[in-house]
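We count ligands from 1, going down the list as the structure has it; atoms in each ligand are counted the same way. Residue numbers count from 1 along this sequence. A quick note: this is a predicted structure, and the numbers were derived from the prediction, not measured.
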Amino acid sequence: MEKIIDENKQGEQLILEAKPENTRKLFIESYGCQMNFSDSEIVASILANNGYNTTQNLEEADLVLVNTCSIRDKAEQTVRKRLEKYNAVKKINPTMKIGVLGCMAERLKSKFLEEEKMVDLVVGPDAYKDLPNLLEEVDEGRNAVNVILSKDETYGDIAPVRLNSNGVTAFVSITRGCDNMCTFCVVPFTRGRERSRDPQSILDEIKDLWQRGFKEITLLGQNVDSYLYYGGGLKKDYEKASDIQKATAVNFSQLLDACATQFPKMRFRFSTSNPQDMTLDVIESMAKHHNICNYIHLPVQSGSNRILKAMNRQHTREEYFELIDNIKLRIPDCGISQDMITGFPTETEEDHQDTLSLMEHVKYDFGFMFAYSERPGTLAERKMEDDIPEETKKRRLQEIIDLQREHSYFRTQQHLGKIEEVLVEKSSKKSEAHWSGRNSQNTVVVFPKEHYKPGDFVNVKITNCTSATLIGEAVGYSNMNN
Ligand code: SAH
Ligand code: F3S
């Protein structure tokens with residue numbers, strides 16, 4: 001079934017093993033994208049070395065941090081409700097300090113401190129290494145802010161702790177920021193310019209995870225296809241790099257090759273791809289290595305050329321189809337998922353029909369679908385009126401959700417009767433007697449546990465399905481297991 005991120009749900013609280021020498025308690029909660037969850041691991045790692053153990057009990061916390069999301073208005077409203085809750089607890093426990101991390105910190109800067117007096121600390125996505133200093137300020141009774149965006153911060157030198165980990169799958173960030181400037185999107189403003197992390201530090205982190213028993217890595221970035229490491233610095237300054245830097249630069253397909261070759265029994269995924277930046281050599285790398293999953297999250301946002309242009313997406317519908325054709329030509333069973341926005345300014349019924357017909361052409365495995373939410377500071381907010389009535393946005397959203405459900409079911413049915421390699425992650429939510437894992441295409445597969453355990457790669461014969469889940473029976477270990 002389609003996966004819609006529920007922005008009303010409480011954020012995930014993150015905990016890790018306590019260090020006996022630490023005396024303070026940190027309650028850290030994350031909202032939004034995977035990058036935020038991954039950043040919270042970096043933050044917890046920094047604070048674990050500065051006296052803080054994590055707690056799941058808000059009432060006993062000395063420090064409450066919320067890693068925030070600005071992508072849609074609803075996400076911000078959810079965080080505001082949480083801040084009210086923390087402030088209510090602070091009335092009972094006045095020594096407790098409250099801090100805002102992430103995209104809202106960057107977007108609203110010191111507004112939280114000055115006008116709203118809701119927090120003690122505001123720290124943007126590039127300033128987490130400054131947290132120990134900022135906390136000293138807070139301890140001395142001053143409010144503290146650092147929202148400076150960086151040219152080269154990638155946290156490559158921090159070994160993140162793994163919070164709430166299943167011990168099998170982990171995220172490793174490879175780029176930060178985004179230079180694409182889609183006109184609806186706040187990310188380039190909150191996360192700054194794009195920069196890539198040193199490949200050696202990525203490989204070192206993966207090695208450490210491998211040694212600790214992890215079996216699947218998702219390489220993370222706002223726009224992974226744009227990965228380019230030439231010794232550090234912003235992507236946009238690459239042209240100014242020296243000849244030596246250019247000759248030794250590493251792009252995304254080369255990074256994928258290096259990961260897959262150096263860790264042949266580790267499985268790799270990546271997210272997010274951008275149609276305008278995805279190149280054929282990435283598809284070639286995927287096709288070449290069994291341990292790179294056949295799955296691409298390839299957001300398109302709209303099926304209308306006019307809307308794509310207004311969104312500053314640098315490709316047409318036809319170019320997108322060409323890319324999909326190239327993917328399916330080299331990797332016929334590749335799973336593909338989408339992000340879609342309904343009700344972008346000026347979107348007509350005809351544009352909406354173009355979105356439905358694009359979906360009909362691709363038949364995505366699943367998708368993340370949203371009604372347009374105007375974001376302050378973006379080009380769309382400054383230059384275009386948010387003119388599509390809320391009911392129309394919602395009706396169109398429901399139509400694409402319904403169509404996606406049909407397509408998801410069509411896709412899951414294609415797996416019936418096949419034997420697929422599944423990495424076991426955890427017990428199925430619905431049944432303790434079943435394992436839950438994912439196949440290469442990122443579809444959830446459940447099957448009876450027998451003697452298998454989390455971390456095993458198991459060949460599973462698919463016998464039944466819903467629109468979201470494949471159901472099957474194990475036929476033996478896969479050779480990824482040896
Ligand atoms: N490249 C990014 C995209 C970040 S935003 C990534 O790593 O996923 C995730 C999705 O949120 C976008 O693809 C888009 O579909 C949606 N989105 C972004 N801004 C939005 C807005 N203003 N209103 C509604 N949806 C939005
Ligand atoms: Fe946002 Fe477009 Fe970048 S959706 S994260 S500006 S690719």
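Close approach of ligand 2 to Q222 (heavy-atom distance below 4.0 Å) involves ligand atoms 5 (S). Of all atoms in ligand 2, numbered sequentially from 1 with element shown, those under 4.0 Å from a heavy atom of F184 are 4 (S). Set against the non-hydrogen atoms of P188, the atoms of ligand 2 under 4.0 Å away are 6 (S). Under a 4.0 Å criterion applied to the non-hydrogen atoms of N180, ligand 2 contributes the atoms 7 (S). Counting the atoms of ligand 2 from 1 in the order shown, those under 4.0 Å from a heavy atom of R313 are 2 (Fe), 4 (S).
Cation-pi contact between K207 and F263: absent, since separation from the ring centre below 6.0 Å together with deviation from the ring axis within 45° is not met.
Counted by atom type alone, D225 and S273 present one or more donor-acceptor pairs between their side chains at under 3.5 Å. Side-chain contact annotation: D333 with N294, donor-acceptor N/O pair under 3.5 Å present.
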Quiz item: Yes or no on ring pair (Phe, Tyr, Trp, His ring centres under 6.0 Å) for Y364 and H407, after CA distance, side-chain angles and deciding distance?
Solution: CA-CA 6 Å; Y364 294 98; H407 292 160; 8.0 Å; no
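Under 4.0 Å from ligand 1, not a single heavy atom of H297 appears. Heavy atoms of A371 found under 4.0 angstrom from ligand 1 belong exclusively to the backbone.
Scanning the protein for heavy atoms near atom 19 (N) of ligand 1, the closest one is F184 CD1, 3.3 Å. In this structure, atom 9 (C) of ligand 1 lies nearest to the protein heavy atom D339 OD2, 3.7 Å. C178 SG, 2.3 Å is the protein heavy atom nearest to atom 3 (Fe) of ligand 2. Of the protein's non-hydrogen atoms, the one nearest atom 14 (C) of ligand 1 is Q301 OE1, 3.3 Å. Among all protein heavy atoms, the one lying closest to atom 7 (O) of ligand 1 is T272 OG1, 2.9 Å. The protein non-hydrogen atom at the shortest distance from atom 23 (N) of ligand 1 is S373 N, 3.0 Å. Looking from atom 5 (S) of ligand 1 to the surrounding protein, the closest heavy atom is I71 CD1, 3.3 Å. In this structure, the protein non-hydrogen atom closest to atom 26 (C) of ligand 1 is R72 NH1, 3.4 Å. Protein heavy atom at the shortest distance from atom 3 (C) of ligand 1 is Q222 OE1, 4.1 Å. Here the heavy atom of the protein found nearest to atom 7 (S) of ligand 2 is N274 ND2, 3.2 Å. In this structure, atom 2 (Fe) of ligand 2 lies nearest to the protein heavy atom C182 SG, 2.3 Å.
For a threshold of 3.5 Å applied to N or O pairs, the pair formed by I341 and ligand 1 contains no separation below that value. In terms of polar-atom proximity, defined here as any N/O pair under 3.5 Å, R375 makes no such contact with ligand 1.
Taking 4.0 Å as the cut-off between side-chain N and carboxylate O, R191 and D39 count as a salt-bridged pair.
For A380, the heavy-atom gap to ligand 1 stays at 4.0 angstrom or more.
Looking at heavy atoms from C-beta onward, M359 lies in side-chain contact with I400 at the 4.5 angstrom threshold.
Here CZ of F370 is found 9.5 Å from CG of L397. Values are rounded to the nearest 0.5 Å.
Proximity of the aromatic rings of H297 and F368 is defined here by a centroid distance below 6.0 angstrom, and this criterion is met.
Atom 2 (Fe) of ligand 2 lies at 2.8 Å or more from every N, O or S atom belonging to C185.
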